[in-house]
Amino acid sequence: MHPEVVEEKRGTCPQCHMALEKKEINEDHEGHDKHDGHNPNMFRKKFWISLALTIPVLYFSETIQELLGFSAISFPGSTYIPAILGVVIFFYGGLVFLRSGRAEVANREPGMMTLISMAISVAFIYSSLITLNVVNGKSFWWEMVSLITIMLLGHWLEMASISNAQGALKELAKLLPDEAELVTKDGAKAVSISELTVGDKVLVRPGASIPTDGVIVKGESKVNESMLTGESKLVSKTKDAEVIGGTINGSGSLTVKVTKLGDDTALSGIMKMVEDAQNSKSRTQLLADTAAKYLFYYALFAALVTAIAWVFFADSSANYILERVVAVLIIACPHALGLAIPLVTAISTSKAANAGLLIRERAALESARNIDVVLFDKTGTLTKGEQGVVSIVADDDKKLLSIAAAIEADSEHPIASAIVQKAKDMGVPTKEADGFNALEGRGVTAKVDNKTYYIGGPQLLKQQKVTLSKKYKTAIDEAHSNGQSIIYVLEGKNVLGGLLIADVIREESKQAVEDLQSSGKRVAMLTGDSEGVAKWVSSELGLDDYYAEVLPGDKSDVVKKLQKDGSKVAMVGDGVNDAPALTQADIGIAIGAGTDVAIESAGIVLASSDPRGVSKIVKLSKKTFAKMVQNLIWATGYNLIAVPLAAGALAFSGFVLSPAVGAALMSLSTIIVALNAQLLRKVEL
């Protein structure tokens, strides 16, 4: 099933629990291929062939004839059909379980495959002895072949489900095109992706997939990055903007300079991160593995007690006692237990990746449901980390913004860009300005509709000898208390209004805070900015608490302070100076747009800069854990209850669980666990 994974020692696959297949050592490859030839199609084929052979075994079985009250067709040798076909099914369908069970024993890690192997082996040996007239009684050929066939069905469903859960990774790989249009002196020519080198320039036409990570050197467009961020909203891209391989270009044509290739690309990193998370084990998975191990010993002990009890406390034949022992060993097969956690793990990790949540550590996702406090670093998480117009003080906001944007349209100054962007966001039409002139240290001036306007700060007011009215003085005091600056727009000595400039709060931040608070989490913020700035952001977002003027080296101390009362803290950050706090926190969550250091320090990464992803993590954690617990209860509960019944604990009342019914119930529990895990796909994040 997973030939790409190679181990040095014998054992079983941590993903589907099948045996490692020994691989011949040659010059090119060394080690052991975990799943040489194992895949869902193999189990499907074995199941259907075994089922076809099982039907005549059931038909010619004396026990089935007695139960259903019919007589099978009789001809010379017909009584040996169950034995002949039983042997075929044992080696054709059961050998895969026998090999896996042997591998578990060799690895000194007995588990579900050991129990399956034990059950069918005991049934095979006992039935063979009866057929050869070594012992008297009724053979268990039909029970054995039924068990093998049903186990093949269960494992086919398991393998197919895990394969489907990993499909998200395969779909990510399909997003990359096979070819790219390399820009040369003679024009663009199609080349294989493998022929590209860092520094090459490629042409990306409208509607095409971006072939690899790079920087736009020419053109502008809107790009669909939903495969990375989970958000369907198109992202505007202009010159110098970074683009990611596998994302879809919109209506504009782009020339992209290649910056990363192969394993260094964001897409490869995501695939590796998701795959590692799928292979990692959470505490619940370790609990399931431990339960399977001890269930093996529980089955052996139950079988021993069953034999002793029927020998010393009941007048029963050896054949009946053996039948009870076989029933115990058949029903003890923990197939559902082996499926309970891995399938939920695979589905939740893939679902998270599709939503832009990259799980680096399974334990981090599992623990997210218990978080008490979510601590955000301000800049780059709750805010954009760039200057913007956060408020306007004027009699006519749109008129003021139209004039300011017209004057600043051709300026590359960050504040000028913020003013122009605000006009675009508000849909304010701008006019043409002329006679633009920079006033050193004071601002700028230009004409709009033949009227002269000035834009600048306090120095401009002094130069123009302007006295502010009470309304603007109040606005200044408020801006200063909030750590904001104010830019004035003047017509001569007449103040038309002011634009308040600050680090822009993300539009999604308020919703992110509300979602977390509604789920019972306290939301706090830390920042190196002034008390005024922190208080303003906290007030705008409705935070429960904030920490201002925190030095980079002291951020982890804030986390420790919050943890003192036993609270579980999730830290969300994006910078190098957030790394210590991310490590100190119970769960570190890095913004994907942040630094590599921050990402490496976190257990979970948000592929986008949308802080609403944190509440998605909490929701997915709760749903995932619930499914794990439900599956564990069903799987272990079935085994713990069914084994005593098979042993004959209620024999005094006339009820004894037969091996056939036990096998059917065991397989039913496997199917129920698989279907229950699939319901996780329907959870909306």
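What you see below is based on every heavy atom in this structure, not just the backbone, and it leaves out hydrogens, waters and symmetry mates.
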- Item | Residue pairs, two or more places apart or on separate chains, that pass side-chain hydrogen bond (donor to acceptor under 3.5 Å, both in side chains) and touch residues 540-549 | Gln517-Asp544, Glu531-Tyr546, Asp545-Tyr547
- Item | Pairs meeting criterion side-chain hydrogen bond (donor to acceptor under 3.5 Å, both in side chains) with involvement of residues 443-459, two or more places apart | Lys431-Asp449
With distance as the sole test, does [X] use its side chain to make a donor-acceptor pair with the main-chain N or O of [Y] at under 3.5 Å?
X	Y	value
Ser615	Arg612	yes
Asp554	Asp557	no
Thr624	Leu620	yes
Ser519	Leu516	yes
Ser402	Pro429	yes
Lys351	Val683	yes
Ser538	Ala534	no
Lys616	Leu357	no
Ser367	Ala364	no

Closest heavy-atom pair and its distance - [X], [Y]:
X	Y	answer
Ile591	Ser609	CG2-OG, 3.5 Å
Leu182	Lys201	CD1-O, 3.4 Å
Ala433	Ala406	CB-O, 3.4 Å
Gly542	Val513	O-CG1, 4.2 Å
Ile392	Asp397	CG2-OD1, 3.7 Å

Is atom [atom1] of [X] surrounded by more than 12 heavy atoms (other residues, nucleotides or ligands) closer than 6.0 Å?
X	atom1	result
Asp434	CG	yes
Gln421	CD	yes
Lys462	NZ	no
Glu220	CD	no
Lys623	NZ	no
Lys471	NZ	yes

- Report the C-alpha separation of Leu401 and Leu499 in whole Å, then their side-chain angles, then the decisive distance to 0.1 Å, and conclude whether the side chain to side chain contact (heavy atoms under 4.5 Å, CB included) test is met. CA-CA 8 Å; Leu401 196 56; Leu499 304 169; 4.3 Å; yes
- Got a second to check how far Asp610's CG is from Glu508's CD, nearest 0.5 Å? 4.5 Å
- Message: Asp503 vs Thr383, test: side-chain hydrogen bond (donor to acceptor under 3.5 Å, both in side chains). Steps then yes/no.
- Response: CA-CA 6 Å; Asp503 186 1; Thr383 67; 2.7 Å; yes
- Who pairs with Asp565 by side-chain hydrogen bond (donor to acceptor under 3.5 Å, both in side chains), at least two apart in sequence or on another chain? Ser567
Quick one, [X] and [Y] - any side-chain contact, counting heavy atoms below 4.5 Å?
X	Y	answer
Lys521	Val373	no
Val569	Asp372	no
Val204	Ser253	no
Leu382	Ile505	no

Between [Y] and [X], do the side chains contain a donor N or O and an acceptor N or O under 3.5 Å apart?
X	Y	result
Gln563	Gln584	yes
Asn249	Ser221	yes
Asp200	Thr197	yes

- Please walk me through it: do Ile193 and Glu179 pass side chain to side chain contact (heavy atoms under 4.5 Å, CB included)? CA-CA 5 Å; Ile193 297 295; Glu179 294 184 336; 5.7 Å; no
- Residue from Thr583, Ile587, Leu582 passing side-chain contact (heavy atoms from CB on, under 4.5 Å) with Met571: Leu582
- Any chance you could lay out the side chain to side chain contact (heavy atoms under 4.5 Å, CB included) test for Ile501 and Val389, step after step, and finish with the verdict? CA-CA 5 Å; Ile501 308 296; Val389 178; 3.7 Å; yes
- Can you list the steps and then say if Val444 with Ile407 is a side chain to side chain contact (heavy atoms under 4.5 Å, CB included)? CA-CA 8 Å; Val444 297; Ile407 296 172; 3.8 Å; yes
- Query: Glu181 and Lys189: salt bridge (Lys or Arg N to Asp or Glu O under 4.0 Å), yes or no, with the steps?
  - Reply: CA-CA 5 Å; Glu181 291 193 65; Lys189 68 173 184 177; over 6 Å; no
